[in-house]
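Side chains are part of it too, since the values below use all heavy atoms of this structure and drop only hydrogens, waters and symmetry mates. What you see is a predicted model, and the numbers here were worked out from it, not measured in a lab.
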Amino acid sequence: MSTAPPISADRVQKFIEDLEAQKKIVSKCTELFTTLTNHFTSLQNSLSQKSQSLDAKFLSLSSKFSQTLDSLSQRESSLPDRESAAAAHIETLKEAAFAEFKDPKGSAQLSDTLKSLARRMDSAGLVKFIVSKRKESVPLRAEISVALSEAVDPHRLVLEAFEDFVSQKSGKTLGLTDKRWACGMLVHALFPESSWKEKKGKGPEFSRNIGERAAEVVDRWKGQLDGEKEGLTPGEAVMFLHMVVGFELKERFDEGFLRKLVLDFSSRRDMAKLAAALGFDDEMGDIIDELVKNGKEIEAVYFARAAGLTERFPPVSLLKSYQQNSKKKATTILKNGNFSTAATEESKNVELNSIKAIIKCVEDHKLESEFSTDLLRKRATQLEKVKSDRKKSSAAAGKPQNKRSHSAGSARGSGPPAFRPTKAAKFSNVYPPFNRRNPAPSAQQSPAARFSAQYNYVGQNVFEAPTAPYASAYGVTHSQSPAAVTQQHYVHPVENLGVSGFPTSGAYGGQTSYVAYDYGSAAPSVFQPSS
């Protein structure tokens, strides 16, 4: 009987090591297979997504192509009607021009002058006339639209005015501010807000040549704006975007540049509507988010209303957030300024401006039922009153004080007497008796006792002194009962005292008391000549 050879431990150990190596190889192959499977799956998903995107774009292009064909067919079919309307309009303008040439006397009315310049296609004269009538901007704005309709080619007329403005701007000619304002009036009249919405789906109302000229002008203008970013005014930025919208030049400019203009000058009144007209419909949400992050919640309300995103950005919550941020800003200004007068004034100005902005926004969007402004109006009234009082006090403090003071009974307020005290006589005694320098206080008495007492007329004893020797020198009999009513003294104000403390008036002005006169025992005075 045969026996199996014994198995050594080395062979077993080697077998186990081989199994471990094969196990590692199998696990590595499994990992590689999983990685490749995932990679190919992701590629397949990406390809399917791109295919779906291409299909969607193809459908969009097909719909746009069909819409463009329909628009072209409609324009082609409307050409005869447009030609007849244009011929009739030209004939009307021709008759009006002939009538104007036959009557050389120019009309002084605003509308007639504007129409005359528009019929002549005089862009330079039109701009000059608009600048001269800048103080009449309210009626001028309405008349310019009517006058442009009288022009043979309104778009060419406005474009020539802009060409002149851009060329003069490169040469830094004087009076550019007025010409910029006049060109803004023209472009607003040529492309009103209502035309932005009507343009969707319609072709341009100007020729291709005018569109190319407008693109060249705006390109030159953009080069100038890039060179003076620090000096770019909000009005010029709005006018630039208005030209881009009116002449349909959005595709010629970088979208980031246009978006930057919109964000930098978002506080302008027309900017929200211009942004919607530029076709930022898909990006309006991002623009509003950026405005909110920058603390411009009021502008965000206008942009949300213009883009129809009020559900995503509720106006009331934006207004409350703006109000809270304004309060924090005012408090920060106070703390940083250590509650000084300047910091307090700046803080109140910030609060007042924010309140006015909130009230204006609520009124523009008819949000009175959702956001009450009663408390804000009261607070604005208080701040306005404090501001006006501060201005009055500062103005009163800055006025030089009058050297002459005014009397207590005058209309200009209380103070010392308006008359100047009389100078002392040249040879008079400027040092009056002690009892006149320090008169006794007056005693109160009843009216009966006052009028029953003795009275001494001023013309009778005007030089009479209170001592007997002076009285006897004039030989005048003087009798006064000890029981007579106490004399009433009329004391001069303190302002009549001189530098030394004595009255500045002479002997005539120094009389401060009147001697009582007895009407019952009155006797004619006897004059005795002195020895």
Side-chain angles (χ1 to χ4, degrees), residues 114-134 137 140-141 143-193 195-196 199 204-229 231-254 257-258 261-262 265 268 270-271 273-274 277-278:
L114 289 172
K115 290 178 181 178
S116 175
L117 294 170
R119 293 191 194 105
R120 298 175 185 176
M121 297 292 291
D122 186 4
S123 60
L126 184 60
V127 171
K128 186 176 180 181
F129 179 76
I130 292 174
V131 169
S132 65
K133 299 294 182 181
R134 186 165 186 174
S137 59
L140 189 64
R141 191 181 301 275
E143 295 294 340
I144 289 177
S145 302
V146 180
L148 289 179
S149 63
E150 298 287 332
V152 176
D153 192 349
H155 298 83
R156 182 166 67 89
L157 178 63
V158 175
L159 186 59
E160 289 176 353
F162 269 90
E163 286 177 345
D164 187 25
F165 166 71
V166 173
S167 61
Q168 290 182 5
K169 186 177 181 181
S170 60
K172 297 182 180 180
T173 310
L174 296 177
L176 284 177
T177 304
D178 294 333
K179 292 180 180 179
R180 184 189 300 116
W181 175 80
C183 291
M185 294 282 286
L186 288 174
V187 73
H188 276 81
L190 182 62
F191 302 113
E193 180 184 341
S195 65
W196 303 345
K199 274 191 174 184
E205 299 178 356
F206 46 86
S207 63
R208 184 177 300 176
N209 185 21
I210 295 296
E212 293 176 357
R213 285 180 60 184
E216 294 176 359
V217 172
V218 177
D219 282 334
R220 280 191 294 150
W221 195 5
K222 180 182 178 296
Q224 295 175 356
L225 296 181
D226 292 337
E228 55 179 24
K229 288 183 179 179
L232 180 61
T233 59
E236 189 169 354
V238 171
M239 190 166 58
F240 179 85
L241 294 177
H242 210 145
M243 286 285 289
V244 172
V245 171
F247 286 100
E248 302 178 5
L249 303 174
K250 179 188 174 183
E251 288 75 13
R252 293 180 176 266
F253 299 99
D254 183 19
F257 170 74
L258 299 178
L261 286 180
V262 169
F265 303 98
R268 298 293 294 182
D270 300 333
M271 192 57 74
K273 298 175 182 178
L274 281 172
L278 283 170

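- The heavy-atom pair separating Ala147 from Ala118 by the smallest distance is O-CB, 3.1 Å.
- The distance from the CE atom of Met243 to the CG atom of Leu159 is 6.0 Å, given to the nearest 0.5 Å.
- Among Leu274, Val187, Asp270, the single residue meeting the side chain to side chain contact (heavy atoms under 4.5 Å, CB included) criterion with Val245 is Leu274.
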TODO: Tell me, with the steps shown, if Arg134 and Asp178 meet side-chain contact (heavy atoms from CB on, under 4.5 Å).
DONE: CA-CA 8 Å; Arg134 186 165 186 174; Asp178 294 333; 2.5 Å; yes
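- Taking both residues in full, the closest heavy atoms of Ser123 and Ala161 are given as CB-N, 3.9 Å, listed atom of the first, atom of the second, then distance.
- Partner of Val158 under the side chain to side chain contact (heavy atoms under 4.5 Å, CB included) criterion, chosen from Asp153, Ile210, Leu190, Leu126: Leu190.
- The nearest pair of heavy atoms linking Gln224 to Val166 is NE2-O, 3.1 Å.
- A donor-acceptor pair under 3.5 Å links the side-chain atoms of Lys250 to the main chain of Leu278, judged by distance alone.
- Taking CG of Leu241 as the start and CE of Met271 as the end, the distance is 5.0 Å to the nearest 0.5 Å.
- Atom CD1 of Ile144 and atom CE of Met185 lie 4.0 Å apart (nearest 0.5 Å).
- Residue pairs meeting the side-chain hydrogen bond (donor to acceptor under 3.5 Å, both in side chains) criterion with at least one member in residues 155-166, sequence neighbours excluded: Arg156-Glu160, Glu163-Arg213, Asp164-Gln168.
- With hydrogens and angles ignored, the 3.5 Å screen pairs a side-chain donor or acceptor of His242 with a backbone N or O of Phe191.
- With ring centers used as reference points, Phe240 lies under 6.0 Å from Phe253.
- When the side chain to side chain contact (heavy atoms under 4.5 Å, CB included) test is applied to Thr177, the partners found at least two apart in sequence or on another chain are Arg180.
- With values rounded to the nearest 0.5 angstrom, Phe165 atom CZ is found 4.5 Å from Met239 atom CE.
- Counting heavy atoms from C-beta outward, Arg252 and Leu249 have side chains that approach closer than 4.5 Å.
- Of all non-hydrogen atoms in Leu117 and Gly125, the two that sit nearest each other are CD1-O, 3.7 Å.
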